[in-house]
Amino acid sequence: MNTGGIYIHVPFCTEKCIYCDFYSLAKHENQIGDFVKSICKEIQLTSDKIKPDWDIDTIFIGGGTPSLLEPSDLEKIINSLSKNFGLTNLKELTVEANPGEFNLEKMHAFKSIGVNRVSFGFQSLHDEILKSLSRWHNAKDCITSYENARKAGFKNINIDMIFGIPNQTIDQWKRDLNRVIDLSPDHISAYSLTVEKKTPLYGHVHSGKIIMPDEKVDINMYSYTMDILNSKDYTQYETSNYSKTDKICQINLHYWRRSPYLAFGPSAHGFYSNTRYWNVRDLSRYINMLNKNKLPLDSSEDLSNENIFDEIILNSLRTSDGINLNNIKTNFSKITYNNLLSKIPDWGKHLHRDNNYIKLTKKGYFIADEITLDLMTSYTNY
């Protein structure tokens, strides 16, 4: 049987970071109880509507800051999922956490409930940079939280890091990465800071209050990241993600391989039967709809063949697996397949064919968006 996943969005945060465009609310912990009741209600209503023909092998609880939940809250959610969908084939249960607000006692409690993977949002190990990002934890909190997670028995830990931050130097980034490598987490996510609309960072950059780093600095940081991590115990399996052997994040694979996954919580996005859907991006509205026994859907989209082709190009090209040409040949027109093949030489040392796969070279990762848009034009419906 095929496998799929579950994503749960927990929208609570201690503070709202200036760069974050995920739906989250600061200082709304008084609504956690109602949120948990609503999540359990959404799970039950969804199970009445959808009977997955896939095994659920991974759950990812993101946010926001899911570690703000009490163990009893998390247990209610997991029990509801188990009752309505069955979790006998579950292999990975991830909870995102911020350093400094996930103590050892709670780690032990979460682990006893079934959490077996923790994802820490370090972002930086320089206190002044953390402060500039409006992160309230410090570098010491990062190290302590990681060490406590190991003490609690977690054998699968991810660390999120950000580069391309205003006033961040290449030397600072190198020191950060090497300190993280010395900790030896099982998985590292390293992202370039993006300026998203409707965030305070966007307003500061637009007004000139904050100056983003030069593109060359960002490229140098990314190049170093790839070189140092691939030379250690890590393999770059996706544009921004690196893992040790057998520690690839399973929900990531479902996203990029277009496997099905259910979604719960305000603003959560799900996918099944070539339909993408997303929930309302408002906690109060989310709770009110579920109080009326209504699923909190905002909208959905049934994907056309062209949409599916574009997603395959976009998702596959960013992974180390690359684009499966046999998949394209089998599921799309001969003209589309030949168009795609004809574009490979145009990109020279940025793209190459490896048997029946099209893959980015290291140089290709720097212009992946440009290459992706070009390959998408291969599609034709005849």
Side-chain angles (χ1 to χ4, degrees), residues 5-15 22 24-44 56-122 135-138 140-160 183-187 247 249-251 262 264-266 268 283:
I6 288 175
Y7 174 75
I8 295 175
H9 189 76
V10 179
F12 304 102
C13 279
T14 303
E15 298 287 345
F22 292 112
S24 60
L25 303 165
K27 299 178 174 62
H28 278 252
E29 287 88 348
N30 62 313
Q31 290 185 279
I32 287 179
D34 289 336
F35 164 78
V36 172
K37 290 179 184 176
S38 298
I39 279 276
C40 293
K41 185 68 174 180
E42 184 186 8
I43 291 167
Q44 181 248 305
I56 295 167
D57 66 353
T58 183
I59 298 171
F60 191 100
I61 306 178
T65 311
S67 55
L68 291 177
L69 296 178
E70 291 300 319
S72 58
D73 297 324
L74 180 63
E75 190 167 25
K76 289 174 184 175
I77 294 171
I78 299 303
N79 286 343
S80 183
L81 288 171
S82 182
K83 176 183 176 182
N84 286 280
F85 293 105
L87 301 178
T88 55
N89 294 296
L90 189 67
K91 297 177 182 177
E92 183 179 277
L93 203 174
T94 301
V95 167
E96 289 187 330
N98 278 338
E101 56 186 14
F102 192 31
N103 62 41
L104 183 57
E105 182 182 2
K106 186 179 279 192
M107 289 180 190
H108 279 296
F110 274 34
K111 190 171 186 297
S112 70
I113 294 167
V115 176
N116 59 12
R117 185 175 185 271
V118 178
S119 180
F120 283 116
F122 281 21
R135 305 288 291 180
W136 71 271
H137 68 266
N138 58 37
K140 185 178 179 181
D141 292 328
C142 293
I143 305 302
T144 300
S145 294
Y146 177 86
E147 290 175 345
N148 281 342
R150 289 300 193 202
K151 288 178 184 176
F154 286 102
K155 297 180 180 179
N156 196 351
I157 300 176
N158 170 63
I159 291 176
D160 280 352
L183 290 174
S184 193
D186 308 279
H187 188 285
K247 299 293 184 171
C249 177
Q250 294 304 303
I251 199 72
L262 302 177
F264 303 101
L283 179 59

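The aromatic rings of Y7 and F60 lie parallel to each other, their planes meeting at an angle below 30°, with 60° marking the opposite boundary.
Between atom CG of residue N156 and atom SG of residue C249 there is a gap of 8.5 Å, rounded to the nearest 0.5 Å. In this structure, the separation between SG on C142 and CD1 on I159 is 8.0 Å, given to the nearest 0.5 Å. Between the CZ atom in R117 and the CD atom in Q250 there is a gap of 9.0 Å [rounded to 0.5 Å]. Interatomic distance, OG of S119 versus CD1 of I157, reported as 10.0 Å (0.5 Å rounding). Expressed to the nearest 0.5 Å, how far CD1 of I59 lies from CG of L81 amounts to 5.0 Å. Taking CG of N79 as the start and OG of S72 as the end, the distance is 11.0 Å to the nearest 0.5 Å.
For S112, the side-chain contact (heavy atoms from CB on, under 4.5 Å) test picks out no residue, with sequence neighbours left out. Residues passing the side-chain hydrogen bond (donor to acceptor under 3.5 Å, both in side chains) test with K155: none are found, sequence neighbours excluded. Remark: D186 pairs with R150 by the side-chain hydrogen bond (donor to acceptor under 3.5 Å, both in side chains) rule, at least two apart or across chains.
Contact between V95 and P66 at its shortest, heavy atoms only, is CG1-CB, 3.8 Å. Taking every heavy atom of both residues into account, N158 and D160 meet most closely at ND2-OD1, 2.9 Å. Contact detail for V118 and A97: the closest heavy-atom pair is CG1-CB, 4.3 Å. Nearest heavy atom pair, residue L283 against residue P266, reads CD1-CG, 4.2 Å. In this structure, K111 and A152 approach most closely via the heavy-atom pair CD-O, 3.0 Å. Shortest non-hydrogen contact noted between C13 and G64 is SG-CA, 3.5 Å.
Within the 4.5 Å cutoff, the side chain of F264 has no heavy atoms near those of the I77 side chain. I143 has its side chain out of reach of K140: every pair of non-hydrogen atoms, C-beta onward, lies at least 4.5 Å apart. Counting heavy atoms from C-beta outward, K41 and S80 have side chains that stay 4.5 Å or more apart. Contact of the I61 side chain with the V10 side chain is registered, since non-hydrogen atoms from C-beta on lie closer than 4.5 Å. The closest side-chain heavy-atom distance from L74 to V115 is below 4.5 Å. In this structure the side chain of T94 never reaches within 4.5 angstrom of the side chain of I251, judged on heavy atoms.
Listed for the N116 side chain is a donor-acceptor partner under 3.5 Å among the backbone atoms of L93. Without hydrogens or angle criteria, E96 side chain to G63 main chain gives a donor-acceptor distance under 3.5 Å. H137 places a side-chain N or O within donor-acceptor distance of the main-chain N or O of F122, the cut-off being under 3.5 Å.
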Per-pair distances, 0.1 Å, donor-acceptor, side chain in residues 29-36, under 3.5 Å, sequence neighbours excluded:
| residue | atom | partner | partner atom | Å |
| --- | --- | --- | --- | --- |
| Q31 | OE1 | H28 | ND1 | 2.8 |

Distance-only check: which donor-acceptor pairs under 3.5 Å involve side-chain atoms of residues 98-110, not counting sequence neighbours?
| residue | atom | partner | partner atom | Å |
| --- | --- | --- | --- | --- |
| N98 | OD1 | R135 | NH2 | 2.9 |
| N98 | ND2 | T65 | OG1 | 3.2 |
| N98 | ND2 | E101 | OE2 | 3.1 |
| E101 | OE1 | T14 | OG1 | 2.6 |
| E101 | OE1 | W136 | NE1 | 3.4 |
| N103 | OD1 | E105 | N | 3.2 |
| N103 | OD1 | K106 | N | 2.8 |
| K106 | NZ | S67 | O | 2.9 |
| K106 | NZ | L69 | O | 3.0 |

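For residues 75-89, no pair satisfies salt bridge (charged side-chain N to carboxylate O under 4.0 Å, His left out), with sequence neighbours left out.
The side-chain contact (heavy atoms from CB on, under 4.5 Å) test with I6 is passed by exactly one of I56, I43, T58: I56.
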